Amino acid sequence: GAVVSQHPSRVICKSGTSVKIECRSLDFQATTMFWYRQFPKQSLMLMATSNEGSKATYEQGVEKDKFLINHASLTLSTLTVTSAHPEDSSFYICSAEQLSGANVLTFGAGSRLTVL
Amino acid sequence: QKEVEQNSGPLSVPEGAIASLNCTYSDRVSQSFFWYRQYSGKSPELIMSIYSNGDKEDGRFTAQLNKASQYVSLLIRDSQPSDSATYLCAVNLSGGSYIPTFGRGTSLIVHP
């Protein structure tokens, strides 16, 4: 089945620094990937839809200048958290639609960000 | 009104029992429904998808969909301690988006 690789799995950074998270589709091409954020005991919240070769579509309330998304190839999307602050500490998860379609998502393993 | 609602739990059942997880949604014209399992600290993995009214069985799991009442449920038979996780209900709401909306999840604890 479709596999989505995401790294780093954990990152700790100082406040004010930037962190990049990579999401790769293995053995399949994903023209669209999705970035979610999940706070403890909360649901998955869609942050943005990453489109290969074009600008990402951000959900309401998500700052596009703070969460930079680049989808430069059919197998790679990156999320950069710029000038991170402690309130950005969260579990970030990318996903792509499975080859069978039917709106089924395959998720990466997630990245736990802790901003000190 | 929240679009996809689940009881956060925890739901505690003894090993071998049937666990019943419920989910309601607000959009009457939703067409696609999913159950994901999420272990603590991990990302979600798909358990079941269901698209039409009725029951769909896969091993120990049965998804039940009732569009008229706008609910979807997941039954886990012969529950095992390894089933202990958070179960997320996801629904493709109308409005043109094919991206599912997730409920906050129900925590299931299966005790020996």
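In what follows, every chain begins at residue 1, and chains take the letters A, B, ... in the order their sequences are listed. It should be emphasised that the depicted structure is a prediction, and the values quoted were computed from it without experimental measurement.
Connection of A/F28 to A/M33 is not established within any shared hydrophobic cluster, with ILVMFWY side chains joined at heavy-atom distances below 4.5 Å, either directly or through further cluster members. Linking Ile, Leu, Val, Met, Phe, Trp and Tyr residues whenever their side-chain heavy atoms come within less than 4.5 Å leaves B/I50 and B/L75 in two separate clusters. B/L74 and B/Y71 fall into different hydrophobic clusters, where Ile, Leu, Val, Met, Phe, Trp and Tyr side chains are chained together by heavy-atom contacts under 4.5 Å. Cluster annotation: A/V11 is connected to A/I21 through the hydrophobic network of ILVMFWY side chains, with a link wherever side-chain heavy atoms come within less than 4.5 Å. Residue B/V13 is grouped with residue B/I47 when hydrophobic side chains (ILVMFWY) are merged at heavy-atom distances under 4.5 angstrom, including chains of intermediate members.
The distance from the NZ atom of B/K42 to the CZ atom of A/F91 is 8.0 Å, given to the nearest 0.5 Å. Going from atom CD1 of A/I93 over to atom CD of B/Q38 covers 5.5 Å, rounded to the nearest 0.5 Å.
Within a 6.0 Å radius of CD1 in A/I12, no more than 12 heavy atoms belonging to other residues, nucleotides or ligands are found. Crowding of A/K64 atom NZ: a count of heavy atoms from other residues, nucleotides or ligands under 6.0 Å not exceeding 12.
Under the 4.5 Å side-chain criterion, counting only non-hydrogen atoms from C-beta, A/L105 is not in contact with B/F34.
Residues of residues 36-47 of chain A lying under 4.5 angstrom from chain B, judged on non-hydrogen atoms, are A/Y36, A/Q38, A/K41, A/Q42, A/S43, A/L44, A/L46 in numerical order.
The salt bridge (Lys or Arg N to Asp or Glu O under 4.0 Å) contacts involving residues 10-25 of chain A comprise A/E22-A/R24, where partners must be two or more places apart or lie in separate chains.
When each of A/G110, A/S9, A/A109 is scored by its heavy-atom pairs under 4.5 Å with chain B, the top score falls to A/A109.
For B/Q31, no part lies near chain A; criterion is any non-hydrogen pair under 4.5 Å.
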